[in-house]
Amino acid sequence: MVAPAQCGDRWPAAVARDWVRALAGVAHLQVPRAQLEGQLRDHAAAIAAGVAAEPHDLEPARAAGAALVGAHITDAAGIEATLTVLARHLPADETRAAVLGAIAHGYARALRDLTMHEQEQLARAIITAQAAAERSARQSEERFRAIFAGAAIGIGISDVHGRILQINQSLVDLLGYPPEELRGLRVSELTHPSDPPEMWQNYARQFGGEFDHLRMEKAYYRKDGAEVWTDLTVSLIRDEVGAPQFAVAMIDDVTDRHHLEARLRHQALHDPLTGLPNRTLFGERLTAALADAGPGPRVGVCYLDLDGFKRINDSLGHDIGDQLLIAVADRLGECAAQRGHLAARMGGDEFVILVERTAGGDQLTALAEAALAAVQAPVTVGPHRLRITASVGVVERPAARTTAADIMKAADVTLYRAKAAGRGRWARYDPEAVAAEAARYALSAAMPDALERGEFSLVYQPIVGLPGQALRGVEALVRWHHPQLGTLPPDRFIGLAEETGFIVPLGRHVLRMACREMAASFTDQDLFVSVNLAAAQTQEASLVADVRTALSETGMTASRLQLELTESALMTTSGTPLQSLYALADSGVRVAIDDFGTGYSNLAYLRSLPVHTLKLPRPFIAGLAEPRGVDERIVDALIRLAHAIDLTVTAEGVETRVQAELLSELGCDTAQGWYLGRAHAAPELARRLAA
Ligand code: C2E
Ligand code: CA
Ligand code: CA
């Protein structure tokens with residue numbers, strides 16, 4: 001099947017061919033077949049153009065439905081055949097449902113107008129006959145009888161109190177009551193639960209003479225209990241001075257059409273795969289839940305997205321994926337129905353549960369838990385036993401002063417937060433988290449321009465030898481001088497830059513800047529600069545070339561550069577050591593492992609890698625405040641082990657003299673920290689060191 005927009009004239013022609021054939025099969029064509037086919041082709045072309053328009057124009061589809069009535073195809077089989085043909089020729093999506101719905105709507109509207117027209121003629125005839133009664137009672141009585149008795153439509157006449165006086169055979173057939181039982185009933189006794197509350201008031205007003213015609217779709221119970229849907233028109237007949245005298249009801253059986261419309265409405269509002277309500281129905285219900293809300297009521301939604309569904313779909317095939325979706329939909333539907341809520345499929349692997357009136361946020365989180373549990377139970381699909389989890393965004397708030405769009409936007413960002421926090425869990429909407437997220441987004445979006453404008457700079461923290469505390473090198477630490485937010489420390493933006501990938505150009509810039517400033521401010525050839533590399537940078541194919549370029553461009557010697565990598569950054573994503581490490585070490589650059597002990601590598605393994613230094617993070621060093629404690633024994637062991645495999649050790653975060661002395665005693669090679677020197681811009685640090 002091809003989308004109508006993709007195929008020019010061929011689509012309308014193909015549709016028209018099938019369409020006219022289908023119609024000829026179910027109805028007697030009153031227009032020559034070739035002529036009808038031509039008309040249908042034009043309608044198909046117009047429908048295609050409407051669908052191609054943005055937003056969709058459904059008027060051509062409605063016109064096509066109306067055209068069926070124009071061609072005297074008024075039997076329900078004609079519209080059913082039409083919808084079947086169009087359904088076959090349109091891609092199965094929400095647009096198709098909308099187009100089919102519009103065709104049915106156009107058809108129903110045209111048919112209603114047609115019957116209305118016929119009924120009016122009939123009513124006029126009855127009224128004329130009635131009016132003639134004064135002139136010639138007998139003659140008019142005969143004419144009246146003829147029209148009345150022979151009409152194919154059900155007709156009943158009542159007095160202005162609603163007492164049924166006369167009925168014709170069609171009405172007897174329609175309602176299935178014996179005529180004598182119907183006569184003498186009051187119209188108000190023929191009620192149905194679907195009657196709108198204002199209906200009987202309107203009757204009373206009409207019988208009181210306020211208006212002449214009343215028209216509605218109304219259901220009746222037949223005597224045998226079956227339901228009939230009718231198109232009901234009530235016309236008032238007045239006497240010569242204008243006082244209401246009788247009411248003539250014309251009752252046309254439209255049960256077939258009603259059921260067809262109901263089925264189409266169901267189709268348009270439900271997901272064909274899972275049978276759950278679709279996005280449209282959910283939207284209607286949510287809007288309704290918000291509309292009639294006073295200050296008190298609260299609404300809630302659980303917005304749910306399956307974790308890793310795409311992988312199952314891609315690896316096991318769409319059939320299995322579909323079966324899994326059906327199973328999940330069934331469970332969610334049941335989970336919601338048990339509690340009297342609505343579950344809908346929003347598309348793909350997204351579902352939502354609507355709580356139209358909530359008892360508070362805890363109810364929603366309990367529902368989210370239940371939904372997660374329902375999804376997580378294993379699903380057997382053919383030979384596969386599948387387990388899937390979901391993430392849920394929970395929003396619960398007062399119904400007043402919010403819109404459906406706001407709620408769905410909140411649910412969406414909250415779902416995203418639940419996903420980001422790890423899978424198989426729910427998150428509750430939190431305006432502060434959203435604001436923080438928005439701020440993070442703004443910050444990450446601003447980074448490329450900030451780099452262009454030179455808003456990133458480096459400060460350098462001294463690294464000193466132990467004992468003696470002579471300067472050995474510096475660690476370069478990046479800062480962002482944000483025009484509005486002031487100077488930002490790296491933990492405000494490095495993580496973000498890693499997420500967006502911007503860390504790669506930023507890291508390249510830092511590397512070059514560190515080499516340049518080093519060469520300019522610290523001419524002592526024995527001093528080194530230590531530059532932090534993020535994991536994403538080490539996975540870049542260009543890393544070795546970037547380092548070489550930075551060195552050659554700035555005239556720095558390779559032996560003066562140290563790169564700090566975390567344990568995880570030493571490995572490729574497949575768990576093998578980074579090849580570029582060897583190339584870097586070969587070129588004379590030194591490699592330090594930053595924050596050692598916070599990752600997963602072991603010392604024995606490090607032995608096989610071209611690594612030179614371990615950096616012990618601040619938490620280890622902080623514990624050195626009390627001598628002979630556990631931390632001292634750990635630091636002692638780490639230093640011994642490092643030395644055993646020819647690695648030097650740098651202690652970080654040294655804040656006190658006690659710590660510095662202890663580290664000295666333990667044989668730690670170098671150290672940095674506030675006690676030993678704060679970080680400063682290169683010229684400033686050079687000046688302080690000289691002083
Ligand atoms: P890190 O590599 O562990 O850097 C040491 C951090 O500890 C620095 O924070 C430094 O200012 C701070 N520090 C130094 N001495 C002391 C002390 O005695 N006490 C305390 N409490 N803190 C001390 P900073 O500059 O905020 O950097 C934080 C982290 O950001 C760094 O941790 C590093 O992982 C990352 N980072 C900094 N610059 C860069 C960079 O250019 N590239 C990359 N990829 N990451 C960087
Ligand atoms: Ca570092
Ligand atoms: Ca560190």
Side-chain angles (χ1 to χ4, degrees), residues 413 416 420 432-463 473-523 527-556 560-566 569 589 594 672 677-689:
V413 297
Y416 175 80
E432 280 173 27
V434 171
E437 184 55 38
R440 275 167 60 81
Y441 175 77
L443 215 53
S444 67
M447 268 187 240
D449 281 347
L451 185 63
E452 290 267 294
R453 285 196 297 263
E455 288 173 15
F456 293 97
S457 75
L458 290 176
V459 291
Y460 298 88
Q461 182 175 41
I463 299 174
V474 291
E475 178 177 357
L477 298 164
V478 67
R479 299 287 178 263
W480 179 358
H481 305 283
H482 191 283
Q484 280 86 42
L485 303 174
T487 299
L488 301 178
D491 36 315
R492 286 286 299 278
F493 60 90
I494 290 289
L496 272 183
E498 285 182 301
E499 278 170 30
T500 61
F502 188 69
I503 192 69
V504 174
L506 177 62
R508 209 178 280 140
H509 175 78
V510 163
L511 190 63
R512 205 173 308 135
M513 186 155 53
C515 292
R516 191 176 58 237
E517 292 186 336
M518 209 40 203
S521 300
F522 299 93
T523 45
L527 291 182
F528 68 91
V529 63
S530 197
V531 176
N532 293 283
L533 287 193
Q537 280 178 277
T538 63
Q539 309 287 341
E540 277 290 293
S542 64
L543 175 65
V544 178
D546 288 345
V547 170
R548 293 211 173 113
T549 311
L551 290 172
S552 63
E553 270 183 2
T554 56
M556 262 266 295
R560 295 185 67 196
L561 179 62
Q562 171 172 286
L563 299 176
E564 296 191 10
L565 282 70
T566 59
V589 172
D594 204 357
Q672 60 186 109
R678 297 244 179 187
H680 297 283
E684 165 80 5
L685 182 61
R687 217 174 16 254
R688 283 172 179 255
L689 290 171

Which heavy atom of Met513 sits nearest a heavy atom of Phe456, and at what distance? CE-O, 3.8 Å
Within the structure provided, determine whether Leu443 and Leu485 are in side-chain contact (heavy-atom separation under 4.5 Å). yes
Looking at Thr549, is its backbone amide N or carbonyl O close enough to the side chain of Ser552 to form a donor-acceptor pair, meaning the two atoms are under 3.5 Å apart? yes
Gly507 and Gln537: which non-hydrogen atoms are nearest, and at how many Å? CA-NE2, 3.1 Å
Please name the pair of heavy atoms, one in Met556 and one in Cys515, separated by the smallest distance, quoted to 0.1 Å. CG-O, 3.2 Å
Just wondering, do Met447 and Leu496 contact through their side chains at under 4.5 Å, heavy atoms? yes
Of the non-hydrogen atoms in Tyr460 and Ala514, which two are nearest, and what is the gap between them? OH-CA, 3.4 Å
Salt bridge (Lys or Arg N to Asp or Glu O under 4.0 Å) partners of residues 483-504, not counting sequence neighbours, each pair once: Arg440-Glu499
Quick one: does any side-chain atom of Gln672 pair with a main-chain N or O of Gly677 as donor and acceptor, under 3.5 Å? no
Working to the nearest 0.5 Å, report the span between CG of Asn532 and CG of Leu511. 11.0 Å
Closest heavy-atom contact between Val474 and Pro462? CG1-CA, 4.1 Å
Name the one of Leu543, Thr566, Ile503, Val510 that satisfies side chain to side chain contact (heavy atoms under 4.5 Å, CB included) with Leu533? Leu543
Examine distances only and state if a side-chain atom of Arg560 and a backbone atom of Leu527 form a donor-acceptor pair shorter than 3.5 Å. yes
First locate atom CG of Leu685, then atom NE2 of His680, and finally report the distance between them rounded to the nearest 0.5 Å. 6.5 Å
Just to verify, which of Val478, Val547, Leu561, Leu458 counts as forming a side chain to side chain contact (heavy atoms under 4.5 Å, CB included) with Val531? Leu561
Check whether any side-chain N or O of Ser521 sits under 3.5 Å from a backbone N or O of Ala686 as a donor-acceptor pair, and report yes or no. no
Go through it in stages, so that I can follow the logic: the residues are Phe522 and Leu689, the test is side-chain contact (heavy atoms from CB on, under 4.5 Å), and I'd like the CA-CA distance, side-chain angles, deciding distance and then a yes or no. CA-CA 10 Å; Phe522 299 93; Leu689 290 171; 3.8 Å; yes
How far apart are the C-alpha atoms of Ser530 and Glu475, what are their side-chain angles, what is the distance that settles it, and do they pass the side-chain hydrogen bond (donor to acceptor under 3.5 Å, both in side chains) test? CA-CA 5 Å; Ser530 197; Glu475 178 177 357; 5.8 Å; no
Looking only at heavy atoms, what is the nearest atom pair of Thr538 and Ala569, with distance? OG1-O, 3.2 Å
Ser444: which residues meet the side-chain hydrogen bond (donor to acceptor under 3.5 Å, both in side chains) condition with it, sequence neighbours left out? none
Any donor-acceptor pair under 3.5 Å from Glu684 side chain to Ala681 backbone: no
Is the closest side-chain heavy-atom distance between Leu451 and His509 below 4.5 Å? yes
What distance separates Thr487 OG1 from His482 NE2, expressed to the nearest 0.5 Å? 11.0 Å
What's the spacing between Trp480 CH2 and Leu506 CG if we round to 0.5 Å? 9.5 Å
